[in-house]
Amino acid sequence: MDVRAMGNRYLAQLSHPSVARAVHAHIITSGFHPFPLLLNRLIDHYCKSSNLPYARHLFDKIPKPDIVATTSLLSAYSASGNIQLAHRLFTAAPFTIRDTVSYNAMITAFSHSHDGHAALKLFTQMKRHGFVPDPFTFSSVLGALSLIAEEERHCQQLHCEVLKWGALAVPSVLNALMSSYVCCASSPLVDSSLLMAAARKLFDEAPASRDEPSWTTIIAGYVRNGDLAAARELLDGMTDHIAVAWNAMISGYVHRGFYEAAFDLSRRMHSLGIQQDEMPVKDLVSWNAILSGYVNARRIEEANSIFREMPERSLLTWTVMISGLAQSGFGEEGLKLFNQMKLERLEPCDYAYAGAVTSCAVLGSLDNGQQLHSQIIQLGHDSSLSVGNALITMYARCGLVEAADTVFLTMPYVDSVSWNAMIAALAQHGHGIQAIQLYEKMLKEDILPDRITFLTILSACSHAGLVKEGRHYFETMKSRYGITPEEDHYARLIDLLCRAGLFLEAKNVTESMSFEPGAPIWEALLAGCRIHGNMELGTQAAERLLKLIPQQDGTYITLSNMYATLGQWDEVARVRQLMRERGVKKEPGCSWVEVENMVHVFLVDDAVHPEVHAVYKYLEQLVQQMRKLGYVPDTKYVLHDMESEQKEYALSTHSEKLAVVYGIMKLPLGATIRVFKNLRICGDCHNAFKFISKVVEREIVVRDRKRFHHFRNGECSCGNYW
DNA sequence: ATAGGGTTAG
């Protein structure tokens, strides 16, 4: 059978790869030059199976290639990103064999290579040469316009063109035009709501040519441009549930920090899709949107079950889950999932590494953090912004401010998150002046401070007792940067003032606020009163807090501590009774220390750790040496009215003491002891560690719930101002 | 022979 006969027979089936291969093999062996139609089909086949060199080889065998073959090859070049070859092929073809289709293909090629200007220019040229645009032309050229539209008139010009050719009745053209307005609405040169109104007008006036993507385009458009309410209204008005539109809505809520709204939609989508089968959630993007809705609302338990339930998982799925766990404070679970991901032979991306590093920050696991850092460098992820920011936080939260600074200084790009993280690192470690200097440097480099920056800088001033500076920064926040102080900002200013004993000024600030003081304000007042023994205001603040947040154990503890300080044991009993009645449990004190890659956890009055008896023994010896240097146990930090000997015993069982002593026993001579505590460090422990640092001649770093304490040679970096 | 509109993270 000759090739012509074979070709004719199989022409219809040429799309089948094995048939194409058979024909191709026959051509090679017989040396036959196939007729044009067959050749075109073969070229098309090799284009689609991505064997471009061979497609080109066949193409070059044609003495006068026709427009069909040219267009096939052209789109293949375009799809493989080879815009130069595509353009050369197009320009080589004489005008006589160009047509609307080949122009469309070339316009698309430019659009795919993100050259919107070239695409528009070719569109103009095509009309000048008398070629008639069709709906394909418009959807292609409008796609290109979306890349570059900066002003309203850009969209309007093509809008007129579309009307002139009557192409608006085609859904894809309508949608592409709406998309152009939506994209243009994010340009800084336009009034976004005006452009969105234009898109909306198109949507409203074309009910006949509206399809699913039309709904999604306008909803996602509102989301992108920040009008979540308008998006939601449309979404709620839809009779059927379109998963893609819901995805956009959920991610919009997540992006703008409306985590509860995101969670609510995610839960409904999950329920509609899984239990009620009204919106079959089968694609991964929807699953990931649902997962992120759960994760960001800190519904970790439920997120975990979604994660397990998902029929398939992408890199994004794992990354969302890992960073979600880390940010919700589940460091151990975050690290575990990261390791599991690697076991399943998935290559973690930079965001996944950032999540793992954040897990180490939560745990205070320097060993794991450093190992990750070395892998990150080997993989080249150290140029990633999110990884760098996570590393700064990790080193800072593990007590190594210098290492955090090195990361900050060597990052190729930094953003305001990086600056904020580094300023916070300095602030947490008591380097208030350096924190302020870094903030001033940030301003000099024209980085605009945001609301987080001001939270950080205010607590830096507070930790370092820089009252004058704190007042000044609070003032400039509104006047210079137009950021309206929120309750958290006020709370930090009040914290600063109360720590300095300026209760009258704090009261004035409170009264100047445009809203009723809530829990953060009263907490700041209470903290200051505790330090200065201001019982009158302190009890007042605590009483308010007991009403506002009755479930918070800390208020009861602080209040009963204040009464204990005054020896008013009746009041202590009353507060404890109230706590019992309301079923509020005191979060048990818990400290941990890392020794040889293992985290050793101690509870208050620990009897669980296998070596705890040796720890108690060592502590007794230490206390004897400390007493010689003048250490006197401060029993006012014990709640119960016990005999004083018992009180001292109660003090020695604090978890941070046990962890520090364990570190001294186990870590190599001279190594810094790094201990972490879930609550604030106790006053007697704080005093004791000063003595211990002198006795054993080692540096002790303690991270408590609020900040760091560096004990060295009998002194603490916090200057007793915490 | 050509495309096309909508969704995914810190």
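Lettering follows sequence order; numbering is per chain, from 1. From a predicted model like this one, the values you see are computed outputs, not experimental measurements.
- In this structure, A:Asn40 reaches neither bases nor backbone, as no heavy-atom distance under 4.0 Å exists between it and the strands shown.
- Open room surrounds CD on A:Glu301; 12 or fewer heavy atoms of other groups in view lie less than 6.0 Å from it.
- Within 6.0 Å of the NZ atom in A:Lys121, the count of heavy atoms belonging to other residues, nucleotides or ligands does not exceed 12.
- Between the CG atom of A:Asn247 and the CG atom of A:Asn288 there is a distance of 9.0 Å, given to the nearest 0.5 Å.
- For residues 224-237 of chain A, the set of pairs meeting the salt bridge (charged side-chain N to carboxylate O under 4.0 Å, His left out) definition, not counting sequence neighbours, comprises A:Arg232-A:Asp236.
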Inset, instruction - Dot-bracket for DNA chain B, please, read 5' to 3', with Watson-Crick or G-U wobble pairs under 3.5 Å on both distances, ( ) within the strand, [ ] crossing, | other strand, . unpaired. - result: ..........
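- An OP1 or OP2 oxygen of B:dG10 is reached within less than 4.0 angstrom by a side-chain nitrogen or oxygen of A:Asn296.
- At least one side-chain nitrogen or oxygen of A:His112 sits closer than 4.0 Å to the OP1 or OP2 atom of B:dG4.
- Residue-to-nucleotide contacts include no donor-acceptor pair under 3.5 Å from the side chain of A:Ser72 to the base of B:dA1.
- Backbone-only engagement by A:Val320 is indicated by non-hydrogen atom pairs under 4.0 Å involving sugar-phosphate atoms exclusively.
- Between A:Ser292 and the phosphate of B:dT8, there is no side-chain N or O to OP1/OP2 separation shorter than 4.0 Å.
- Residue-level contact check: A:Asp99 touches the bases, meaning some heavy atom is under 4.0 Å from a base atom.
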